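Computed from a prediction, not measured in an experiment: that's the story for all the values here. Each ligand, and each atom within it, is numbered from 1 in the order the structure gives.
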Amino acid sequence: MAEVKVGVIGCGAIGRLHVDRLQNLVPETRVVAVSDYYHEAAEQVAGKYGIKSYALGEELIHSPDVEAVVVASSDPSHVGYVLEALKEKKYVFCEKPLAQTATDCEKIISEEIAIGKKMIQVGFVRRYDRGFAEIKRIIHSGEIGSPLILHSAHRNVTQAPDFQGTRPITQVAIHELDMSRWLMNDEYDTAQVLDVRKNSFSKGDYLDPLMVLLTTKNGSRIDIEVQSRGAYGYDIQCQVVGEKGLVNLPDPPAVVKRVNAKCEFDLMTEWSKRFLEAYDIEFQDWGKSLVNGKITGPNAWDGYVACVTADALIHSIETKQPEQVVMIEKHSLYQ
Ligand code: ISE
């Protein structure tokens with residue numbers, strides 16, 4: 001089978017895991033190069049696999065040895081690398097968010113449209129989680145009737161030290177912004193952030209917790225509770241209420257203990273462990289897309305919609321009102 005030669009930009013925790021799974025679990029790909037802003041981090045990974053390391057992501061993108069690019073660097077750097085890879089007409093897997101603003105996503109979309117083919121997959125990993133996929137299947141089957149309400153929660157124990165500002169939305173809630181429209185098969189009408197009294201265990205200059213309220217074109221409602229730091233565990237909850245019944249996201253498998261008149265199981269604490277299997281499935285899917293020359297996962301349009309919604313939410317923090325989610329016309333490439 002043909003192997004696609006991949007370069008990975010960003011050798012932090014998630015980048016290293018992606019190198020490992022591309023190398024060991026995806027038969028269609030071979031990682032040939034890595035880069036990182038801290039070149040030492042890239043050199044370490046390169047040494048482990050006997051591959052090339054670059055100090056600059058741009059050098060990796062331009063290398064004739066690299067056929068497809070994974071962007072797993074810091075969030076604000078995504079847009080620059082994606083645009084550079086598109087100049088070279090190379091397939092890109094970009095971790096979420098696609099960019100920091102909808103305007104930057106529009107630049108990416110227009111470059112992709114000019115190429116005339118989907119080149120980008122966005123790392124909305126939860127679409128590959130068995131629990132979320134089963135919720136989607138049940139809604140689609142009609143068993144719980146047409147969906148009316150989606151309740152969700154995204155609770156974190158901790159974040160990296162540079163976590164600040166609007167990241168609870170652009171980095172954390174962005175997962176639910178993609179997941180909710182995917183599950184409901186609907187588009188957003190309005191978006192609003194409600195602030196909540198600050199959790200004293202969460203330090204930093206951002207709203208924590210916060211509540212996101214969304215209305216959809218079909219008249220459904222979505223609420224998302226976001227705790228960025230200081231929660232009791234890493235806990236992802238989702239419940240979809242339909243006209244005839246409801247579905248709940250299952251907890252990840254854990255051994256149940258019955259002792260001292262209690263029945264209990266441990267919750268996770270680290271986000272990077274919660275969707276391990278989903279990441280594997282996601283990259284196996286991407287590997288197939290690369291050899292088939294057809295991207296089937298979440299695409300640049302999905303990345304754009306999440307960012308338009310995030311922008312509306314950030315605006316609503318100032319206005320303290322629901323803001324309209326206004327999108328550009330959807331090009332036929334994404335229909
Ligand atoms: C991180 O970037 C993620 O993508 C995780 O899924 C999320 O839970 C975490 O809060 C983010 O920092």
Side-chain angles (χ1 to χ4, degrees), residues 8-18 21 36-37 70-79 81-82 93-100 121-133 152-180 182-183 193 196 198-199 201-212 224-238 249 251-252 267-283 286 297-298 302-303 306-307 309-310 313-314:
V8 177
I9 303 176
C11 293
I14 201 72
R16 289 198 301 270
L17 288 170
H18 289 344
R21 55 174 58 91
D36 196 279
Y37 178 76
V70 171
V71 178
S73 47
S74 68
D75 291 4
S77 68
H78 290 183
V79 57
Y81 291 136
V82 172
F93 179 99
C94 180
E95 263 305 340
K96 44 58 60 176
L98 179 57
Q100 295 288 280
Q121 175 157 336
V122 180
F124 287 130
V125 62
R126 294 185 182 183
R127 293 194 187 197
Y128 295 91
D129 174 71
R130 289 183 198 279
F132 278 114
S152 57
H154 187 154
R155 304 187 183 117
N156 290 264
V157 178
T158 189
Q159 295 288 350
D162 64 346
F163 190 89
Q164 44 146 339
T166 55
R167 286 188 179 217
I169 294 165
T170 61
Q171 182 178 325
V172 182
I174 200 88
H175 283 292
E176 280 77 16
L177 298 183
D178 178 64
M179 183 45 61
S180 308
W182 185 69
L183 288 178
V193 169
V196 181
K198 181 128 176 148
N199 178 343
F201 294 106
S202 177
K203 315 279 177 226
D205 69 335
Y206 48 87
L207 300 177
D208 197 13
L210 60 80
M211 294 288 303
V212 167
I224 311 165
E225 173 201 314
V226 182
Q227 295 197 35
S228 294
R229 238 187 206 138
Y232 53 83
Y234 185 70
D235 200 9
I236 304 299
Q237 299 285 328
C238 178
L249 183 71
D251 285 311
L267 294 177
M268 292 187 158
T269 52
E270 286 168 57
W271 64 262
S272 60
K273 304 228 166 92
R274 170 67 177 84
F275 292 102
L276 278 182
E277 189 201 29
Y279 282 123
D280 294 345
I281 302 172
E282 176 185 43
F283 275 94
W286 187 58
D302 299 311
C307 287
T309 315
L313 287 171
I314 292 165

Participant: One pair per line, please: each N/O atom of ligand 1 matched with every protein N/O atom under 3.5 Å away, atom names first, then the distance to 0.1 Å.
Facilitator:
residue: ligand 1; atom: 2 (O); partner: Lys96; partner atom: NZ; Å: 3.0
residue: ligand 1; atom: 4 (O); partner: Lys96; partner atom: NZ; Å: 2.7
residue: ligand 1; atom: 4 (O); partner: His175; partner atom: NE2; Å: 2.9
residue: ligand 1; atom: 6 (O); partner: His175; partner atom: NE2; Å: 3.0
residue: ligand 1; atom: 8 (O); partner: His154; partner atom: NE2; Å: 2.6
residue: ligand 1; atom: 8 (O); partner: Asn156; partner atom: OD1; Å: 3.4
residue: ligand 1; atom: 8 (O); partner: Tyr234; partner atom: OH; Å: 2.5
residue: ligand 1; atom: 10 (O); partner: Asn156; partner atom: OD1; Å: 2.8
residue: ligand 1; atom: 10 (O); partner: Asn156; partner atom: ND2; Å: 3.4
residue: ligand 1; atom: 10 (O); partner: Gln159; partner atom: NE2; Å: 2.9
residue: ligand 1; atom: 12 (O); partner: Gln159; partner atom: OE1; Å: 2.7
residue: ligand 1; atom: 12 (O); partner: Gln171; partner atom: NE2; Å: 2.8

Participant: Is it the case that over 12 heavy atoms from other parts of the model lie below 6.0 angstrom from the OH atom of Tyr232?
Facilitator: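 Check passes, neighbour count above 12.
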Participant: Apply the test side chain to side chain contact (heavy atoms under 4.5 Å, CB included) to residues Phe283 and Leu17: give CA-CA distance (whole Å), side-chain angles for both, the deciding distance (0.1 Å), then the verdict.
Facilitator: CA-CA 11 Å; Phe283 275 94; Leu17 288 170; over 6 Å; no
Participant: Can you find a pair of side-chain heavy atoms, one from Tyr37 and one from Ser73, that are under 4.5 Å apart?
Facilitator: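 No - every pair of side-chain heavy atoms lies 4.5 Å or more apart.
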Participant: Fit a plane to each ring of His154 and Tyr234, take the angle between them on a 0 to 90° scale, and name the class: parallel (under 30°), tilted (30 to 60°) or perpendicular (over 60°).
Facilitator: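 Ring orientation of His154 relative to Tyr234: perpendicular.
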Participant: Any side-chain heavy atom of Met211 sitting closer than 4.5 Å to one from Val196?
Facilitator: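 Yes, side chains in contact.
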Participant: If you compare all heavy atoms of His78 against all heavy atoms of Pro97, which two are closest, and at what distance to 0.1 Å?
Facilitator: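 Looking at all heavy atoms of both residues, the shortest contact is ND1-O, 2.6 Å.
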